[in-house]
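As the structure is a computational prediction, the values presented were derived from the model and not from experiment.
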Amino acid sequence: MSETRRKLTTIFSADVQDYSRLMGADEEGTLAMLKRYRDAMSRLIGSHGGRVINTWGDGLIAEFPSVVEAVRAAVDVQNELAGMNTARPADGRMLFRIGINLGDVIVDGDDIYGDGVNVAARLQASAAAGGIVISNTVYDQVRNKVAVGFEFLGPLAVKNIEDAVPSYAVRIGDDAAAASPPAAAIIQYPAAAQTKPRQPAGARARRIPALLAVAAVAVVAINALTWDGVFWAPWPLLAFAFLSAMIWVRGQNRIDKRIAGFSVVGLGIVAINLLSWQGTFWAVWPLLAMAVVGTVRWLTRG
């Protein structure tokens, strides 16, 4: 018999709220949607240094060597899935609940077992749809390291564990809440940051590029009407194009946002070099620096 191996790790547990209802309404459509959402979740988990351990039905278990990255992954997951839900009717949205715990587990091959996993699953079950609940062991590690708010929920009873586990709900912004049914809207900015109701992120993302396009046409017209032999319009047009591209990067889900952002910045540097051309392609140096920084960051992530 092999010896039992134990380790301290961060357990990430997720499942779908009202999964049975969704399956009852449309089995094939729900399964296809679950696969898309779970693929997005797995990609974000991997980008934060985590690994998916197991999936079953509508559930998922992952682990992270870093507590901070586990919470950041959960925040990114809920924000991205909320964006995917905006195109669906309120009663057809797939809302995940996430629980995160830092605890000691038993390792058996690629699987993990023990009270640490059970606590994460219990925290997940207590989360609101589209929400995140963490244990006090996680809270102690991330409270000053992640730009989110926390709400103390009190002790949480866990089966077969004598002492109740203090738990906290994570509050991460109102864009994701706007994508959820009103009863499930627990994602909101901390009180100090709240001002007035905001439009859904998708509507703003579509409106800003349109406004920039109007501004671009106006700039070209002004340049033409005040022509003095200098075509200066490319510079503000480049700025408008850069802003539009960064808005697209923030709203898309097909390409890793960091990679897409680096690509947009790189193209912007090349465009500046070409517009100010004096016979030297100096853009190669900042592009090389960006490549080195990106590579080092990828190699040292964890």
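Of all non-hydrogen atoms in Ile100 and Ala70, the two that sit nearest each other are CD1-O, 3.7 Å. Of all heavy-atom pairs spanning Phe64 and Gly49, the tightest one is CD2-C, 4.3 Å. The minimum heavy-atom distance linking Met84 with Ala40 is given by the pair SD-CB, 4.2 Å. Scanning both residues, Gly130 and Leu95, for their nearest heavy atoms gives N-CB, 3.9 Å. Closest approach of Leu34 to Gly57, counting heavy atoms only: CD2-O, 3.5 Å. Pairing each heavy atom of Val105 with each of Gly116, the nearest pair is CG1-CA, 4.3 Å.
Atom CD1 of Ile53 sits about 10.0 Å away from atom CD1 of Ile45, to the nearest 0.5 Å. With values rounded to the nearest 0.5 angstrom, Leu153 atom CG is found 6.5 Å from Ser126 atom OG. Note: Thr30 OG1 to Lys35 NZ = 15.5 Å, rounded to the nearest 0.5 Å. Note that CE of Met290 is 5.0 Å distant from CD1 of Ile269, once rounded to the nearest 0.5 Å. Considering CD1 of Ile11 and CD of Gln124, their distance stands at 13.0 Å, rounded to 0.5 Å. Atom-to-atom distance recorded for Tyr37:OH and Ser42:OG is 14.5 Å, nearest 0.5 angstrom.
Connection of Phe152 to Val142 is established within a shared hydrophobic cluster, with ILVMFWY side chains joined at heavy-atom distances below 4.5 Å, either directly or through further cluster members. Note: the hydrophobic cluster containing Phe242 also contains Leu275 (ILVMFWY, side chain heavy atoms under 4.5 Å, direct or indirect links). Under a hydrophobic clustering in which Ile, Leu, Val, Met, Phe, Trp and Tyr are joined whenever their side-chain heavy atoms come within less than 4.5 Å, directly or via other members, Val214 and Val219 fall into different clusters. If you chain together hydrophobic residues whose side chains sit under 4.5 Å apart, Leu237 and Val217 never meet in one group. When the side chains of ILVMFWY residues are joined at heavy-atom separations under 4.5 Å, either directly or via intervening members, Phe240 and Leu267 end up in two distinct hydrophobic clusters.
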key: Ile112/Ile106 under side chain to side chain contact (heavy atoms under 4.5 Å, CB included): CA gap, chis, key distance, verdict   = CA-CA 5 Å; Ile112 57 175; Ile106 300 172; over 6 Å; no
message = Checking Val68 against Gln141 for the side chain to side chain contact (heavy atoms under 4.5 Å, CB included) test, could you report, in this order, the C-alpha distance in whole Å, the side-chain angles of both residues, the deciding distance, and whether it holds?
response = CA-CA 7 Å; Val68 171; Gln141 298 297 319; 5.7 Å; no
query = So Ile98 and Val77, side chain to side chain contact (heavy atoms under 4.5 Å, CB included) or not? Walk me through it.
reply = CA-CA 9 Å; Ile98 298 176; Val77 163; 4.0 Å; yes
task = Carefully, step by step, assess Met33 and Asp26 under the rule side chain to side chain contact (heavy atoms under 4.5 Å, CB included).
result = CA-CA 10 Å; Met33 181 166 51; Asp26 179 7; over 6 Å; no
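Partners of Arg72 under the salt bridge (charged side-chain N to carboxylate O under 4.0 Å, His left out) rule, at least two apart in sequence or in another chain, are Glu69. A search for salt bridge (charged side-chain N to carboxylate O under 4.0 Å, His left out) contacts involving Asp140 returns nothing, not counting sequence neighbours.
In this structure, Phe96 and Gln17 have side chains that are not in contact, with every pair of non-hydrogen atoms separated by 4.5 Å or more. Side chains of Val75 and Ile132 form a contact here, defined as non-hydrogen atoms less than 4.5 Å apart. Between Met94 and Arg36 the shortest side-chain heavy-atom distance does not fall below 4.5 Å. Side-chain atoms of Thr137 and Asn101, non-hydrogen and from C-beta on, do get closer than 4.5 Å to each other. When side chains are defined from C-beta on, Val67 does not count as touching Lys145, because their heavy atoms never get closer than 4.5 Å. Inter-residue side-chain proximity for Tyr168 and Val138 is flagged as unmet; no heavy-atom pair is nearer than 4.5 Å. Contact annotation: the side chain of Met41 approaches that of Leu81 to within less than 4.5 Å [non-hydrogen atoms, C-beta and beyond]. In this structure the side chain of Ile61 never reaches within 4.5 angstrom of the side chain of Phe12, judged on heavy atoms.
The pair Asp39-Arg43 fails the salt-bridge criterion, with no side-chain N (NZ, NE, NH1 or NH2) lying under 4.0 Å from an Asp/Glu carboxylate O.
In this structure, the side chain of Asp108 does not engage the main chain of Asp111 through any donor-acceptor pair within 3.5 Å. Judged purely by atom type and a 3.5 angstrom limit, Ser47 uses its side chain to pair as donor or acceptor with the backbone of Leu44. Between the side chain of Arg97 and the main chain of Asp15, no donor-acceptor pair closer than 3.5 Å is present. Here the side chain of Ser167 pairs a donor or acceptor atom with the backbone of Gly154 at under 3.5 angstrom. A donor-acceptor pair under 3.5 Å is formed between the side chain of Asn223 and the backbone N or O of Trp232. The main-chain N or O of Asp91 is found under 3.5 Å from a side-chain atom of Arg21 such that the two form a donor-acceptor pair. The closest donor-acceptor contact from the side chain of Arg51 to the backbone of Gly46 lies at 3.5 Å or more, if one exists at all. One N or O on the side chain of Arg38 and one on the backbone of Gly59 form a donor-acceptor pair closer than 3.5 Å. The main-chain N or O of Trp282 is found under 3.5 Å from a side-chain atom of Asn273 such that the two form a donor-acceptor pair.
The environment of NZ in Lys7 is crowded: more than 12 heavy-atom neighbours from other residues, nucleotides or ligands sit within 6.0 Å. When the shell of 6.0 Å around CH2 of Trp285 is examined, it contains 12 or fewer heavy atoms from other residues, nucleotides or ligands.
A donor atom on one side chain and an acceptor atom on the other are not found under 3.5 Å apart for Tyr113 and Asn118.
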